[in-house]
Amino acid sequence: MLWIALHCPTLSLDWIERRFPVALIPAMAATIRKGNQVYIRQANKPAQQQGVAAHQPLATALSLFPDLVVVEHDPHEEMKALREAAYAAFRFTPHVVMQGSGLITEVSASLKLFGGLKKLCRLLNQAVATQGLQLCVGIAPTAKGAWLLAQSAPLKTVINGAGSRFRSLLDSLPIHLLASAQPYLEVIRGIGCKTLADLRQLPRGGLARRFGPDLLIELDRACGDLPDPQQWLEVPEYFQQKTELMSQVESVELIWVPVQRMIGQMCGWLSLRHAAVLEFSFILHHEYSLRQPHKSTPLHIKLSEQSDDAEHLMLLLRERLGRMEIVAPVCGLELIANQITAGTNPHLELFPTSQSEATSLNRFIEKVSSRLGPQAITGLNVIPDHRPECSQRFRPLEMSRESDASCRKAAPLASMCSSVRPAWLMEAPLELKVQRHQPVYGSPLKLIAGPERIEAGWWDDAPVARDYFIAENTLGQLLWIYREHNSAAGNNGNGWYLQGLFG
């Protein structure tokens with residue numbers, strides 16, 4: 001087994017900072033109460049530049065910088081931020097564990113799919129960091145070992161203990177990283193133990209009697225000498241994520257970063273369920289007031305084909321947001337997967353199929369429709385009618401799936417006709433001139449195939465009785481023409497019409 005641990009040492013501030021637009025993040029500090037005193041737990045870079053530091057009393061920090069934004073330590077919000085980051089990690093492995101201030105992922109089954117350990121680690125780190133977390137990464141053959149390495153790593157660095165260096169790296173770690181050693185740190189340091197290697201050299205029986213069995217169990221699990229069962233994170237059956245913004249924004253560009261995070265979370269959730277989305281909703285929430293009665297602005301997106309591609313979904317959403325006018329300042333965002341279906345894996349195809357070849361065209365159509373609106377693109381709907389001018393109808397491309405089903409059912413009726421049909425039909429049949437009993441279109445036409453009799457329309461009071469021919473003029477054009485059946489009987493000698501053009 002191979003584990004990648006993602007430790008977030010600044011989680012106390014990351015969960016709140018990511019709700020601000022990057023340009024508007026103030027000097028902030030997270031506080032914690034110890035007895036009757038309130039201390040600084042963590043301070044961000046703008047606050048540190050003003051002299052605010054961890055472990056300072058709050059009163060001291062405020063005397064140094066009175067405009068400091070103070071946030072109370074909130075474990076519930078921290079766990080919510082980690083859970084959302086875990087959704088993004090599901091795109092690379094289904095085995096994710098929430099561990100204190102970070103995540104532990106088992107990735108041995110994902111190495112080949114994502115091009116090896118180095119590339120997988122980079123992609124996983126990038127996906128979780130995009131959720132607004134600052135990470136330290138550790139890699140090891142045990143879950144506990146990876147977590148200890150991640151805790152010891154400097155910010156935004158990776159310690160790789162996947163090879164033969166694992167034991168030496170583990171032995172060099174300080175003892176204070178062990179959770180079970182926290183109550184005994186002063187005593188352990190008093191006997192001269194500073195690293196895990198020093199602790200391992202002591203008699204095990206004496207350690208167990210003096211510090212309890214948990215210390216040895218944690219140490220053995222980190223080294224791989226004892227099994228370390230993990231409980232995988234479970235996700236709800238439905239996806240619905242909501243993000244509150246700490247400042248009201250009126251520009252689409254300022255909300256695009258949290259939009260990307262939410263799309264990444266949805267795609268990770270889809271990957272875990274081996275599913276793809278057909279329809280999703282993005283909702284902008286506004287602060288209610290008497291001047292502005294709009295509570296929310298919903299945006300519904302229907303896909304022509306299922307997708308779990310984050311880049312494609314973000315592209316569609318960005319195009320739609322670019323065309324939408326924000327009617328009021330936005331204070332919250334919500335993303336809902338309205339309709340999902342079983343996903344397919346295109347990487348399993350040895351040869352391209354018609355469905356995979358059509359994917360690029362469908363995505364291009366979706367992009368144009370999102371940018372210009374659904375009315376900008378139309379398609380042809382096949383109608384089960386033998387009259388050529390009634391056999392097809394223009395329709396919006398973003399039609400209901402029931403209409404798609406009816407089109408698919410109608411297609412076999414059209415395919416039953418073995419006769420040749422032109423690609424270009426006239427919107428209305430064009431009456432042709434007649435010279436010496438010959439129809440004329442550019443020149444007198446020569447009939448080269450036909451007749452083909454079509455009689456239909458008696459059911460809607462628009463009956464036709466026609467004899468169709470394929471004709472050619474001196475320019476080499478092939479035409480599909482007809483004359484009324486009654487004209488052939490001699491009732492009207494000028495009954496020739498142009499129905500369509502070939503080529």
Side-chain angles (χ1 to χ4, degrees), residues 1-12 41-42 53-55 95 97-108 111 116-122 124-125 128-129 133-230:
M1 302 181 78
L2 187 62
W3 301 81
I4 298 179
L6 305 165
H7 171 54
C8 182
T10 58
L11 183 61
S12 296
R41 177 183 173 90
Q42 285 181 345
H55 311 299
H95 302 138
V97 181
M98 292 182 62
Q99 176 73 36
S101 58
L103 304 172
I104 305 177
T105 62
E106 203 285 311
V107 297
S108 57
L111 294 177
L117 176 60
K118 185 176 181 180
K119 186 175 181 180
L120 173 60
C121 182
R122 177 174 58 82
L124 180 60
N125 188 6
V128 177
L133 305 182
Q134 301 185 67
L135 301 174
C136 310
V137 183
I139 306 174
T142 65
K144 190 64 181 179
W147 181 245
L148 293 176
L149 291 177
Q151 286 182 294
S152 67
L155 194 62
K156 298 182 181 180
T157 59
V158 179
I159 296 182
N160 188 353
S164 57
R165 299 174 56 239
F166 170 60
R167 283 300 181 107
S168 61
L169 288 173
L170 200 63
D171 286 341
S172 65
L173 298 181
I175 293 177
H176 69 82
L177 296 179
L178 296 175
S180 55
Q182 297 303 314
Y184 316 107
L185 284 180
E186 294 298 328
V187 178
I188 294 175
R189 289 169 180 165
I191 60 177
C193 291
K194 297 181 179 179
T195 65
L196 299 190
D198 297 336
L199 195 63
R200 283 159 50 86
Q201 293 176 359
L202 296 178
R204 294 176 60 88
L207 286 176
R209 287 193 301 270
R210 193 163 186 179
F211 305 118
D214 292 341
L215 182 62
L216 287 176
I217 291 175
E218 185 177 6
L219 189 61
D220 290 342
R221 286 179 173 176
C223 297
D225 298 329
L226 277 181
D228 188 12
Q230 303 290 331

Discussion item. Rounded at 0.5 Å granularity, tell me how far CG in Leu6 sits from CG in Leu135.
Written reply: 5.5 Å
Worksheet item: Hey, are the side chains of Trp3 and Gln230 touching, using non-hydrogen atoms and a 4.5 Å cut-off?
Response: yes
Practice prompt. Ignoring hydrogens and angles, tell me if any N or O in the side chain of Gln42 forms a donor-acceptor pair with the backbone of Pro9 under 3.5 Å.
Written response: yes
Worksheet entry | Geometric class of the Trp147/His7 ring pair [parallel <30°, tilted 30-60°, perpendicular >60°] | perpendicular
Worksheet entry | Spacing of CG belonging to Leu178 relative to CD belonging to Gln151, to within rounding of 0.5 Å | 9.0 Å
Discussion item. Please report the interatomic distance CG(Leu148) to CG(Leu177), rounded to the nearest 0.5 Å.
Written reply: 6.0 Å
Item to complete: Using atom types as modelled and distance alone, determine if a side-chain donor or acceptor of Arg204 lies under 3.5 Å from a backbone N or O of Leu216.
Response: no
Practice prompt. Decide yes or no for Cys193 and Leu202: does some side-chain heavy atom of the first lie under 4.5 Å from some side-chain heavy atom of the second?
Written response: yes
Worksheet, complete the sentence: Smallest heavy-atom separation, Ile139 atom then Leu2 atom, equals CG2-CD1, 3.9 Å
Discussion item. Looking at Gln134 and Lys156, would you say the former's side chain and the latter's main chain have a donor-acceptor pair under 3.5 Å?
Written reply: no
Practice prompt. Given side-chain contact (heavy atoms from CB on, under 4.5 Å), test Thr195 with Ser172 step by step and report yes or no.
Written response: CA-CA 6 Å; Thr195 65; Ser172 65; 5.7 Å; no
Discussion item. Given 3.5 Å as the limit, does a donor-acceptor pair link the side chain of Glu218 with the main chain of Ala179, or not?
Written reply: yes
Practice prompt. Quick one: pull up CG in Asn160 and NZ in Lys118 and give me the separation to the nearest 0.5 Å.
Written response: 10.5 Å
Discussion item. Using side-chain contact (heavy atoms from CB on, under 4.5 Å), reason through Ile191 and Arg210 one step at a time and then give a plain yes or no.
Written reply: CA-CA 12 Å; Ile191 60 177; Arg210 193 163 186 179; 4.2 Å; yes
Discussion item. I'd like to know if the side chain of Asn125 and the backbone of Cys121 have a donor-acceptor N/O pair within less than 3.5 Å.
Written reply: no
Worksheet item: Could you state the interatomic distance from CD1 (Ile159) to CG (Leu173), rounded to the nearest 0.5 Å?
Response: 7.0 Å
Discussion item. With a 3.5 Å distance limit and no angle check, can you tell me whether Gln182 reaches the backbone of His176 through a side-chain donor-acceptor pair?
Written reply: yes
Practice prompt. For Pro227 and Arg221, work out which heavy atoms get closest and say how close.
Written response: O-NE, 3.2 Å
Worksheet item: What is the minimum heavy-atom distance between Pro141 and Ala162, and which atoms define it?
Response: CD-CA, 4.5 Å
Worksheet item: Within the distance-only criterion (no hydrogens, no angle test), does the side chain of Glu186 pair as donor or acceptor with the backbone N or O of Ile188 below 3.5 angstrom?
Response: no
Response to the item:
For Arg41 and Ser12 the tightest heavy-atom approach is NE-OG, 2.7 Å
Item to complete: Would you list the pairs meeting salt bridge (charged side-chain N to carboxylate O under 4.0 Å, His left out) in which at least one residue belongs to residues 164-179, sequence neighbours left out?
Response: Arg167-Asp225, Asp171-Arg200
Worksheet item: Between Leu124 and Thr105, what is the shortest heavy-atom contact and its length?
Response: CD2-OG1, 3.5 Å
Worksheet item: If you look at every heavy atom in Cys136 and Ala153, which pair is closest and at what distance?
Response: SG-O, 3.4 Å
Worksheet item: Got a second to check how far Ile104's CD1 is from Asp228's CG, nearest 0.5 Å?
Response: 8.0 Å
